[in-house]
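Encoded as structure tokens, the structure appears first; notes follow it.
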Amino acid sequence: MPRLVVVSNRVGVPDGGARAGGLEVAIRPALKRRGGIWFGWSGKISDEDPGPPRTTVQDNVSYVTVDMRRDDHEEFYNGFANRVLWPILHYRLDLAEFSRRDLGGYFRVNDYFARNLAQLLQPDDVVWVHDYHLIPLAKALRDRGHKNKIGFFIHIPCPPPEILTALPNHERLIPALGAYDVIGLQTETDASNICRYFESEAQVRRLGDGVYDFDGRKVKVGVYPVGVETEPFARLARRAIETAFVREVLDSLSGRAMIIGVDRLDYSKGIPERLNAFERFLTNFPDWRGKVTYLQITPRSRTEIAEYADIGRVVGETVGRINGTFGEASWTPLRYINKAHSRTALAGLYRAARAALVTPLRDGMNLVAKEYVAAQNPDDPGVLILSRFAGAAHECTAALLVNPYDPEGVGAAINRALSMPLAERRERYRHNFRVLAQNDLTRWAERFLATLEPAPQDSAVHYMPRVAG
Ligand code: F6P
């Protein structure tokens, strides 16, 4: 079997720390199983020219990381990746702040990654690149003469061409995807959006459903919804609910029902909108006052970017207002914490929660939703309240699907979740769990790699996106 080289901006170098991103949750187990190399940024910013890559080996994975120069980090990570691509790919044109300098930094860091990778790559290696930070990486590798199979998976949404074309220099950036052999997306909507861009904007020749000819290179577009380790996570949750930490949390609730939300502090997660919905719930269903506690765990993220500081301020103020208005000396409706928690702690809290609020305004997949389902007690499961705009809504169709922009509707869904009869909860849980057990993390990685590894013309097409005319 050829060696697998995974590339992503952030690398889950094993250090035992709590993590706050879906990408690492997904890649680490997939790579551990097969073995190989995980290459990317070390997380360190350097004031001088960074030295050579550093390697940490654990089990059968080599974690190879490079530091990033301060100006590169500013222009690539804080700049183009997170001030332009992130908002635009999440349909937030209003938040995008484009600068030519940042675009230059973005291509420069992709080149820097390619330069370092070039020293590691063997001709037979299969390369799997992840996420929006690295769109032009395959092109940078091809320009250096690498002929390896290279696949790309984008963990976040892909908007329709009507939005993508608002990205300055999209005609230079998006067609660079044509240097990959396989392009994987989370949902059919995302896949059909990129296909529509290829056909209507880039005039790429379509060879068949989801197959394109980029100047003689055959490129496949497919849908690979990222999963979780469904069964192992269920086992972890069974153990975790017995830990001293979870017991302490449960004791502190004094028998009240708990609702849980776990998100990075990011405007795409719809946290202020969700808090407003919780406020509507307390207003419209006053019988629940004093009987329910909403725990919102929200590790800070991308703190150097103004929009992230802004959202932090708004969330803090909203929590204060709700607790100030509805709280009693003996009851705090909302517990809001910024500390990241270990996977074990989260698994236990998910199992203990009567409902989860996963209501992003837009999300590629959202693995919190899937882990919440996996963690439930089948005999007495909690209810997932899920935004219809999260990729997970395509699979967790038995969740209470909500419009995160509608506080009345989400408030009513909270009431419905907390009042739901046991038989209905079980039925919904069974349906969602079955889907997630079938398409778990192992299957996600296997399906993607099965498309990438054989010659594209020989491999099975797993999904054929239909492009609206
Ligand atoms: O999936 C989106 C993503 O950007 C991942 O690449 C990353 O793991 C996560 O969100 C956290 O973001 P950041 O790496 O910017 O902290």
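Just follow the structure's listing: the first ligand is 1, and inside any ligand the first atom is 1.
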- Message: Would His130 count as a contact residue for ligand 1, given that I'm defining contact as a non-hydrogen atom of the residue lying under 4.0 Å from a ligand atom?
- Response: no
- Under 6.0 Å from the six-membered ring centre of Trp86 and within 45° of its axis: does the NZ or CZ of Arg302 meet both?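 The answer is yes; both the distance and angle limits are met.
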- Pi-cation contact, Phe107 with Arg172 (under 6.0 Å, within 45°): yes
Give yes if a backbone or side-chain nitrogen or oxygen of [X] is under 3.5 Å from a nitrogen or oxygen of ligand 1, and no if not.
X: Ser301; answer: no
X: Trp86; answer: no
X: Asn9; answer: no

Polar side chain donor-acceptor pair, [X] to [Y], under 3.5 angstrom:
X: Asn338; Y: Thr298; answer: no
X: Tyr112; Y: Asp72; answer: no
X: His170; Y: Tyr197; answer: yes

Would you mind listing which atoms of ligand 1 come within a distance below 4.0 Å of any non-hydrogen atom of [X]?
X: His155; value: 1 (O)
X: Tyr132; value: 4 (O)
X: His133; value: 4 (O), 6 (O)

- Query: Can you tell which of Arg302, Arg264, Arg10 gets a heavy atom nearest to atom 12 (O) of ligand 1?
  - Reply: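 Looking at heavy atoms only, the winner is Arg302.
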- Item | Salt-bridge criterion met for Asp310 and Arg313 (N-O under 4.0 Å) | yes
